[in-house]
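Only one structure is covered here, and it is reproduced in the block below.
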Amino acid sequence: MSISSTFHKWGSPRWFYQFSGRLLPWLAGLSLLLLLGGCIWGLAFVPADYKQGNSFRIIYIHVPASAVAMGAYVTMAVAGAIHLIWRMKLAAMVMKAIAPIGASLTFLALLTGAVWGKPTWGTWWVWDARITSVLILFFLYLGIIALHQAFENRDAAAKACAVLAIVGAVNIPIIYWSVEWWYSLHQPASISFTGESTIHPTMLRPLMATLSGMYLFFAWVLLLFTRAEILDRERNTRWVQDIVCGEAR
Amino acid sequence: MPSAGLLSLILAVLQRDVIASLRRGSEWSNPLVFYVMVCALFPLGIGPQPERLAELAPGILWVVALLASLLATDSLFRGDFDDGTLEQMLLTHQSLYPQVLAKTLAHWMMTGLPLSVLSPILGVLLQLPPAGMLPLMASLVLGTMVLSFIGAIGAALTVGLRKGGLLLSLIVLPLYIPVLIFGSSVVKTAIDGGPYMPQLAMLAVFFLVALALSPLAICGALRISVDQ
Amino acid sequence: MPSAGLLSLILAVLQRDVIASLRRGSEWSNPLVFYVMVCALFPLGIGPQPERLAELAPGILWVVALLASLLATDSLFRGDFDDGTLEQMLLTHQSLYPQVLAKTLAHWMMTGLPLSVLSPILGVLLQLPPAGMLPLMASLVLGTMVLSFIGAIGAALTVGLRKGGLLLSLIVLPLYIPVLIFGSSVVKTAIDGGPYMPQLAMLAVFFLVALALSPLAICGALRISVDQ
Amino acid sequence: MYFDTFSELLNMSGHGSYVWFSYGVSVVVLGSLIFVARRRRKQTEQHIRAIVRRKQESSSTIK
Amino acid sequence: MAAPGLQVNQLFSERDDRVLFSDLCFQLNAGQLVQIAGPNGSGKTSLLRILAGLSSRYEGEVLWQGKSLQRHRHDYLSQLLYIGHGAGIKAVLSPLENLRWSCALRGMSHCDTSIMAALDKVGLRGFEEQACHSLSAGQQRRVNLARLFCIPASLWVLDEPFTAIDQRGVAEIEQWLADFVHDGGAVLLTTHHSLNFSHEFTILNLGDYANA
Amino acid sequence: MAAPGLQVNQLFSERDDRVLFSDLCFQLNAGQLVQIAGPNGSGKTSLLRILAGLSSRYEGEVLWQGKSLQRHRHDYLSQLLYIGHGAGIKAVLSPLENLRWSCALRGMSHCDTSIMAALDKVGLRGFEEQACHSLSAGQQRRVNLARLFCIPASLWVLDEPFTAIDQRGVAEIEQWLADFVHDGGAVLLTTHHSLNFSHEFTILNLGDYANA
Ligand code: HEM
Ligand SMILES: Nc1ncnc2c1ncn2[C@@H]1O[C@H](COP(=O)(O)OP(=O)(O)OP(=O)(O)O)[C@@H](O)[C@H]1O
Ligand SMILES: Nc1ncnc2c1ncn2[C@@H]1O[C@H](COP(=O)(O)OP(=O)(O)OP(=O)(O)O)[C@@H](O)[C@H]1O
Ligand SMILES: [Mg+2]
Ligand SMILES: [Mg+2]
């Protein structure tokens with residue numbers, strides 16, 4: 001009973017729109033503060049890594065982007081499941097909003113990783129297990145975006161994407177684990193992630209800042225996209241028209 | 001006797017799809033020809049040195065089989081969607097699950113199975129060592145079955161769309177990757193003389209999981225596609 | 001001033017097709033995505049060892065570019081056929097030749113050109129040595145143009161048929177082979193430090209021949225396809 | 001600050017181009033996310049204003 | 001059969017912001033026939049698809065024997081026979097094979113005799129084994145209509161059943177409909193043709209429900 | 001213009017061994033309108049495609065101003081405007097872009113003013129820049145019909161021009177046809193609708209020529 005009523009409330013686009021409106025400035029301020037602060041800290045104040053020199057400073061953008069990109073996919077699949085099971089429209093809007101954000105962050109993870117690889121490994125790209133799985137994650141995101149665009153009808157698009165996101169989520173552990181297995185099977189060149197040991201506590205603190213900043217940033221942009229989507233879907237309702245044309249009346 | 005009913009339903013659907021596919025011809029022959037042609041392209045692209053080809057053969061054979069299966073997948077539900085028989089499938093009081101299962105199996109019998117049976121010949125073309133032949137066939141038999149089930153999800157999601165074709169690839173290719181990895185490693189391990197049974201067993205597990213779960217996704221996707 | 005008229009006709013057709021393709025999005029993005037994905041499949045199939053990948057990269061990149069271009073070819077005339085604008089093209093007193101030329105060029109600009117531009121990134125993924133990058137792009141630019149012209153003949157022949165798809169592959173793939181051989185050998189020679197200009201010149205010759213002759217075949221094929 | 005001079009900060013003992021390129025791209029990507037979200041909202045608002053205007057016009061003609 | 005067969009309450013549906021119908025209410029009981037009329041694009045096919053459970057693009061209530069359609073899908077579908085305006089048959093298969101499959105979908109097996117009787121009734125004796133693509137458009141339609149006689153149902157939902165059927169065929173089908181209704185069946189159909197029906201029947205003009 | 005415009009002698013065509021028409025003879029001169037009538041599948045579209053030079057599945061003779069159509073294709077096509085029953089427009093392009101392309105195909109460039117005038121005439125003012133797929137079926141058909149006014153021709157061949165057009169639109173088109181014929185144009189059209197035409201015109205019933 002209470003669960004369903006909470007769902008009902010959370011599922012109401014109108015309530016969500018107003019609630020998220022209050023949250024927005026906090027998210028925006030905090031995320032920018034943490035991101036900017038962490039980056040400046042990491043770029044200019046942390047000592048260089050004894051093995052990698054200064055190139056390790058990419059970590060402050062690389063690791064947050066990678067982590068949030070993965071988290072975003074899970075969020076999307078959960079939203080998809082909620083949409084399919086409880087027919088909650090808001091979940092569909094959240095799902096639609098996550099796809100481009102997640103894809104951008106995955107792209108960022110790939111790009112910063114590649115740029116980091118050049119000075120560290122001497123090559124832009126290796127077929128490391130983790131790297132390969134991120135590439136596949138990127139493809140999964142692209143698939144969802146393309147599927148959504150291909151449908152003309154929004155409801156069908158949302159449902160189809162939800163199915164795909166769930167199937168993908170079931171597959172992600174399998175993919176990740178099989179790629180890991182594949183990589184260790186071949187035992188390729190010596191290049192691979194060196195493990196946590198290299199990270200000093202002094203280096204870790206700015207990382208914590210940018211990591212949490214990136215999560216907040218994700219939440220912020222997600223709200224921005226979702227709110228725009230809410231307005232678009234509910235454009236024929238009175239409350240949306242009142243909000244948009246509020247000044248005129 | 002619901003189980004007897006289910007079985008006869010499955011058989012009826014299987015029979016219909018296989019007969020239809022055999023009558024049309026192009027449906028089962030095209031993936032085969034594609035398989036043969038693209039495998040024949042590779043020596044032209046990467047050079048004819050036998051040792052190198054032998055090394056690469058498992059990977060190439062598997063990737064191309066995967067592509068052939070992928071390209072054939074688009075037609076899985078499209079014919080039924082276009083002529084309105086898909087609606088009839090949705091409008092029975094019997095469960096959709098066995099029908100979808102039977103359709104996917106029929107599709108596999110017309111694509112994956114012939115591919116697997118033909119693969120030793122292409123193995124010879126690509127200088128695959130004899131030790132790899134049987135494992136190649138076995139891994140393809142199991143693997144293409146899994147590919148068919150995964151592909152069917154994508155086909156069901158895109159059957160109502162005019163774009164079809166490459167969109168399906170986009171959706172389905174990332175999901176194919178575990179199958180590719182285990183399938184090709186079966187053959188490679190066999191060539192190196194290692195124990196390839198664990199990987200084959202893994203493919204069998206994938207198959208069982210796909211058999212049990214993918215029809216659920218397919219049924220859902222079909223309902224969505226018809227309801228547009 | 002017939003030449004000015006021809007030029008403006010070519011430009012108008014080019015502009016229309018490019019705009020339409022950009023608006024639809026999937027038309028130019030799908031082959032690209034297919035290219036990227038299938039290139040990424042190969043390491044998964046044949047193993048991640050950088051040296052081996054580097055050796056194979058030219059062949060793989062070329063074969064996959066060829067497949068991507070092939071799969072995109074099907075849509076070259078299909079849209080126009082379906083919406084009846086192909087008939088309008090046939091029913092002008094102006095020659096069909098420049099129109100077909102422009103359509104094929106537009107198609108190349110939306111498939112072959114992006115593929116070529118993107119290829120260095122995939123080269124990086126497949127560990128292609130830096131010496132091969134520029135030749136790869138150059139050979140793909142010229143080669144995909146030839147592929148588009150050859151593919152257009154096949155597309156024109158099959159546009160009236162419901163089967164399309166794989167039938168087109170059967171017709172067109174054998175004709176693609178010379179392009180593949182010269183294209184991939186450009187890259188391989190460049191990596192080995194050899195003179196790759198002769199092969200590139202050969203591709204250029206193919207291109208000129210295709211430019212001059214294939215529109216004739218395409219025009220004929222289109223007339224046949226419309227007249228069914 | 002870890003670096004002594006500003007130019008050292010830029011150069012980062014040779015790795016500067018990699019680091020600064022990464023951060024530059026990040027700013028562009030994250031910034032464009034915000035930009036796209038904003039633009040989508042603006043477009044939606046315009047669309048809704050058009051709907052409202054149309055509605056008002058049609059209701060006034062009925063009267 | 002005391003509860004009304006099919007009951008539609010306050011049905012609303014739109015496409016691309018265009019309202020197809022709103023506030024649509026009607027009821028279809030055993031022994032009745034309702035014809036949905038309306039100009040092209042007025043939403044007839046859309047309505048039938050909603051009632052067949054193929055489309056969920058609606059708001060409002062659809063009840064079958066007093067119970068919600070979505071919850072009692074299985075009961076409903078076992079009573080329903082829907083013939084859409086698609087071909088409904090596989091062109092490469094023969095009429096016999098097509099109908100065998102249709103029967104198997106309903107859980108009926110070994111029903112060749114009833115299929116042959118149905119094919120006979122729709123005038124396709126002698127064509128049982130010929131591939132459907134070599135039949136004329138009207139004959140193909142008849143294969144689809146033969147399902148009316150080999151699949152038991154108490155509600156027929158027919159979208160333009162007279163398409164491609166010649167005049168004598170139309171009269172025959174009208175007679176079949178009358179017999180079915182007489183035996184306690186319920187029929188819902190769309191057609192642009194003006195129905196020549198021996199019993200009383202209701203015409204529901206969808207044009208009246210648009211933009212209401 | 002002394003030689004007859006379009007002259008058809010002993011035309012014969014078949015499909016899958018079924019004769020669509022045989023021994024078909026007629027003549028269409030400047031200032032005349034001929035309507036091709038006949039039931040579905042009687043070969044109306046096939047005939048128009050033959051006369052437009054799109055189909056060569058016929059035996060017999062088709063002459064344009066006394067000269068064989070195949071030999072004098074260029075002359076003929078420069079005088080012909082054919083509107084088939086396909087959409088005839090690219091859905092992702094705007095009406096303006098579609099018509100610009102149509103004009104370019106005829107070797108006309110910089111004809112935006114005449115295109116705007118044509119769009120105005122078919123009632124699409126204000127929709128010039130909107131993508132055609134977001135227009136209604138009737139509006140899309142009107143885009144196609146706008147070609148009548150921006151492309152000069154002396155022979156119009158129209159396959160079901162009234163499809164999807166509302167009643168007022170039909171009357172307008174009939175008026176355009178009358179004006180065109182009055183100005184010395186020739187029109188050949190098919191329609192299932194009974195033409196309300198101010199001038200005299202000929203109806204050619206294809207049903208009469210079948211299996212002859
Ligand atoms: C899920 C995705 C990823 C996560 C969570 C992740 C996380 C990390 C972490 C924690 C480090 C620091 C490791 C250390 O210094 O010991 C690191 C380093 C690195 N990552 Fe990633 N990463 C991901 C994806 C990628 C990708 C896709 C690439 C390349 C395209 C990449 C390239 C690198 C490089 C070059 C380094 C530094 C070299 C090294 O420490 O060995 N990473 N990554
Ligand atoms: N898949 C679709 N996508 C978008 N709009 C659609 C779709 N299918 C139908 N419509 C729209 O819905 C409206 C109703 O269509 P529907 O097919 O129900 O009409 P109908 O009454 O059956 O017409 P007809 O007499 O031509 O069969 C039409 O305006 C049509 O444009
Ligand atoms: N592509 C084709 N392949 C085989 N038969 C065809 C084809 N196109 C038309 N036919 C056959 O040719 C005959 C005439 O078709 P046509 O389209 O000319 O008829 P129509 O008079 O225009 O009919 P309608 O009134 O429906 O437009 C029909 O019997 C049809 O089945
Ligand atoms: Mg209808
Ligand atoms: Mg016709």
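In what follows, chains carry the letters A, B, and so on, assigned in the order in which the sequence lines appear, proteins first and then strands, with residues in each chain numbered from 1.
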Top contributor to chain D interface from [options] [non-hydrogen pairs under 4.5 Å]:
{"options": "A:N236, A:L43, A:V221", "result": "A:L43"}
{"options": "A:Y60, A:W116, A:F107, A:F217", "result": "A:F217"}
{"options": "A:V240, A:V115, A:L224", "result": "A:V115"}
{"options": "A:L108, A:D232, A:V46", "result": "A:L108"}

**Prompt:** With a 4.5 angstrom heavy-atom cut-off, which part of A:L111 approaches chain D: side chain, backbone, both or neither?
**Reply:** side chain
**Prompt:** Heavy-atom distance under 4.5 Å to chain D: side chain of A:F56, backbone, both or neither?
**Reply:** neither
**Request:** List the atom of A:P64, the atom of A:T210, and the distance in Å for their closest heavy-atom pair.
**Result:** CG-OG1, 3.5 Å
**Request:** Output yes when a side-chain donor or acceptor of A:Y73 lies under 3.5 Å from a complementary backbone atom of A:L140, and no otherwise.
**Result:**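 Judged by distance alone, no pair lies under 3.5 Å.
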**Item:** CH2/A:W239: more than 12 non-hydrogen atoms of other groups inside 6.0 Å
**Value:**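 Enclosed: over 12 neighbouring heavy atoms sit under 6.0 Å from CH2 of A:W239.
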**Request:** Would you check if the distance from the ring center of A:W41 to the ring center of A:F45 is below 6.0 Å?
**Result:**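 Ring-ring flag for A:W41/A:F45: false, centres at least 6.0 Å apart.
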Can you list, pair by pair, the side-chain donor-acceptor contacts under 3.5 Å of residues 20-37 of chain D, counting residues two or more places apart and other chains?
unit_1	atom_1	unit_2	atom_2	d
D:W20	NE1	D:L9	O	3.2
D:W20	NE1	D:L10	O	3.2
D:S22	OG	D:Y18	O	2.9
D:Y23	OH	A:R57	O	2.7
D:S26	OG	D:S22	O	2.6
D:S32	OG	D:V28	O	3.0
D:S32	OG	D:V29	O	2.8

**Request:** Among D:H15, D:Q43, D:R40, single out the residue with the greatest number of heavy-atom pairs under 4.5 Å to chain A.
**Result:**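 Option with the top pair count is D:H15.
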**Request:** Check step by step if salt bridge (charged side-chain N to carboxylate O under 4.0 Å, His left out) holds for D:E45 and D:R41.
**Result:** CA-CA 6 Å; D:E45 281 182 352; D:R41 191 194 159 97; 3.0 Å; yes
